[in-house]
Structure formats: structure tokens, C-alpha cells
2 protein chains.
Amino acid sequence: MVVQLEPLRQAEIDAIFHALADATRRDIVARVIEREQSVSGLAASYAMSFAAVQKHIAVLERASLVVKSQRGRERIVRAEPAAIARARAVLEHYETLWRHRAAAIDAILAEEPEQQGEEHARHRRHHRS
Amino acid sequence: MVVQLEPLRQAEIDAIFHALADATRRDIVARVIEREQSVSGLAASYAMSFAAVQKHIAVLERASLVVKSQRGRERIVRAEPAAIARARAVLEHYETLWRHRAAAIDAILAEEPEQQGEEHARHRRHHRS
DNA sequence: CAGTTGTACAACCATTTGGTTGTAGGTTAG
DNA sequence: CTAACCTACAACCAAATGGTTGTACAACTG
């Protein structure tokens with residue numbers, strides 16, 4: 001019963017790629033990978049308001065790219081490499097599709113070099129005479 | 001002279017991740033990887049207007065994830081795996097950062113097991129008594 | 001030729017995004 | 001206790017997104 005699994009996964013992937021589609025957020029990810037940091041520590045690094053950085057962190061959090069934990073009065077942000085790995089897996093899936101497609105084309109061209117009249121011979125032999 | 005190289009690259013990466021942050025667009029990418037297709041052929045696959053699919057393809061095109069070429073009155077959309085590889089490279093960069101950071105922490109813990117009083121011993125030994 | 005098909009593009013609309021400021025609450029410092 | 005600090009969150013705004021419909025045009029078809 002793998003019912004309704006895809007929509008959730010798709011929304012997760014949407015969130016991850018959307019979170020990564022912003023240079024400030026990618027920079028936050030890089031910073032907290034190198035060293036976990038407080039929200040205000042991160043906010044001090046950017047030329048925008050504290051609340052704006054807070055929102056960026058919230059986007060990353062929704063995508064599970066970072067998690068926050070409390071330490072005293074600070075909220076410490078740390079990276080969650082699993083989400084990055086999931087995004088990479090999606091891209092690698094596409095690259096695998098591409099290689100399979102290339103391999104299939106090669107196989108067809110190698111196997112039947114004489115009767116290639118349908119699929120792969122759209123040479124538009126009627127160039128608007 | 002590597003002047004002002006980053007902003008452009010960042011905008012490119014923004015475009016790639018933004019384009020991938022939508023399930024319909026990811027599906028279009030998968031379809032054209034398997035077989036290049038016309039715009040109307042793609043549009044027929046989705047429960048939305050032709051113009052909406054056209055816009056999605058335009059987003060993918062701006063990100064260089066697909067390219068269009070004319071064949072007769074049709075516009076053929078085909079995949080551009082280089083952009084996918086660039087996105088994967090970004091993610092792998094983060095994963096490399098993560099591994100380096102983990103390695104550095106291990107090194108510190110292994111080298112100086114006695115004087116660990118500052119960096120990595122925040123055990124909050126004062127649990128709100 | 002006229003009609004159909006494939007595409008582009010503009011205009012419009014609702015919703016989301018990315019930023020701001022302001023207010024309020026919890027936590028530490030003096 | 002009071003003050004300073006860190007954070008959350010609401011309200012607001014301009015711009016971008018994601019969808020629609022309608023119009024226009026180029027290219028095949030008959």
C-alpha cells in the first residue's frame with residue numbers, strides 16, 4: 001500500500017529546492033554547516049533586518065535543511081545534511097534517466113543501422129522548397 | 001581578474017533551484033529527458049492551460065534546464081543536463097563542507113581529550129535548580 | 001485559397017514572497 | 001528587581017508567482 005506517498009514527497013522536494021533558490025539562504029546553510037550559530041549571530045552577517053533573516057531561517061527549517069534548538073535565551077541553528085542529500089538524490093535520478101536514454105539511443109543506432117525510418121530519422125527532407 | 005563573478009553565478013543557481021522547486025516543472029524535465037517533446041505535446045499532459053505550461057517551460061529555459069528549437073511549426077523542448085549537473089555540484093559542495101567539518105571536530109576530540117573545557121563541553125550543568 | 005494547428009504574448013487576478021517596522025515575551029546580567 | 005538581550009510574531013507593503021483568457025501570427029493541411 002504505497003497510497004498517496006508521492007504528493008507528500010513532492011511537497012517536501014518543492015520546499016527543499018525553494019529554500020535553496022536564494023543566495024542568502026544558501027549562505028546561511030553554508031555557515032551553519034561550518035559552525036552552528038545563533039539566529040542573532042547569523043542575522044549580524046547580513047545587510048537586512050533581524051526579522052528578515054528570521055524568515056529565511058524559517059524557510060530553511062520548513063524544508064528540514066536546518067533545525068533549531070534552544071540554548072539559554074538563544075536559538076541555535078544547525079545544518080541537517082539529510083535534506084541536502086535528498087535533493088542531490090533527485091538530481092542524480094535525472095542524471096540517471098539521461099544516461100539510460102543516451103544508452104538506449106546508442107543501442108538502437110548500433111542494432112539496426114539499416115531500417116531507421118521511424119523514430120530517429122526526422123531529417124525534414126522537404127526543406128520548404 | 002575574477003571580478004564580479006559570483007553574483008552572476010548566484011543568479012544562475014537561484015534560477016536553477018527555483019525552476020526545480022515545482023513538481024510540474026520537475027515532471028517536464030523528466031519527460032524531456034526521456035524523449036524530447038513539443039510544447040503542445042507537453043501541455044497535453046497536464047490539467048492546466050497551454051499558456052500555463054508555456055510559462056513553466058519558460059522558467060526552465062531561463063534556468064538553462066531545457067532548450068527549445070524550432071521544427072516546422074512546433075517548438076521542440078529538450079533537456080540540458082549541464083544545468084542539472086551544476087545544481088548537483090552545489091549540493092555536493094555543501095556535503096563536502098559537512099564532511100570537512102565533521103573531520104575537524106573528530107580531529108579536535110582525538111587530539112586533546114583532556115583540556116576540553118571551552119568549545120565542545122556545553123553540557124549546561126545547571127539545569128534550572 | 002481557407003482552415004486548422006502550434007506558439008507567443010499581453011492583460012488580468014489571487015496568492016505568495018521578501019522585505020520592513022513594531023510589539024511582546026522569555027532569559028540572562030547587574 | 002530592572003535593564004539589556006534574543007527571539008517570536010503580527011501587520012503592512014511592493015514585487016514576483018502561477019494561474020487564467022484572449023488575441024495575433026506563423027506554418028502546415030486540404
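- Taking atom CD of residue B:Gln37 and atom P of nucleotide C:dT7, one finds them 11 Å apart after rounding to whole Å.
- Computed from coordinates, the A:Gln70 CD to D:dT7 C1' distance equals 9 Å when rounded to whole Å.
- The distance from atom CZ of B:Arg71 to atom P of C:dG6 is 14 Å, rounded to the nearest whole Å.
- Here D:dA16 presents its P atom at 14 Å from CG of B:Asp14, a figure rounded to the nearest Å.
- By the 4.5 Å heavy-atom criterion applied to side chains, B:Val32 and B:Leu60 are not counted as neighbours.
- Between A:Glu61 and A:Arg75 there is no salt bridge, since no side-chain nitrogen of the basic residue lies less than 4.0 Å from a carboxylate oxygen of the acidic one.
- Spacing between atom NZ of B:Lys68 and atom C1' of C:dC9 amounts to 11 Å, rounded to whole angstrom units.
- Remark: side-chain polar atoms of A:Glu92 are not paired, donor with acceptor, to backbone N or O of A:Tyr94 under 3.5 angstrom.
- One atom, CD of B:Glu74, and another, P of C:dT5, lie 13 Å apart when rounded to the nearest Å.
- For the pair A:Val59/A:Arg62, a side-chain contact is recorded, criterion being any heavy-atom separation below 4.5 Å from C-beta on.
- Within residues 39-49 of chain B, the residues approached by DNA chain D to less than 4.0 Å at the level of any non-hydrogen atom are B:Met48, B:Ser49, in residue-number order.
- With rounding to whole Å, B:Arg75 atom CZ is found 13 Å from C:dT5 atom C1'.
- Taking the side chain as every heavy atom from C-beta outward, B:Asp22 and A:Phe17 never approach each other to under 4.5 Å.
- Between the side chain of B:Gln70 and the main chain of B:Gly72, a donor-acceptor pair closer than 3.5 Å is present.
- Between B:Arg71 and B:Glu36, the closest side-chain pair of non-hydrogen atoms falls below 4.5 Å.
- In this structure, the side chains of A:Leu20 and B:Val90 stay at 4.5 Å or more apart for every pair of heavy atoms.
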(message) Within the 4.0 Å limit for protein heavy atoms, which parts of nucleotides 10-18 of chain C are touched? Write it as a string from 5' to 3', B for base, S for sugar-phosphate only, - for none.
(response) -B------S

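- The side chain of A:Phe50 approaches D:dA8 more closely than any other nucleotide in the set D:dA8, C:dT20, C:dA29.
- Under the 3.5 Å distance criterion, the side-chain polar atoms of B:Arg101 are matched with a main-chain donor or acceptor of A:Ile33.
- Taking atom CD of A:Gln54 as the reference point, atom P of D:dC9 lies 8 Å away to the nearest angstrom.
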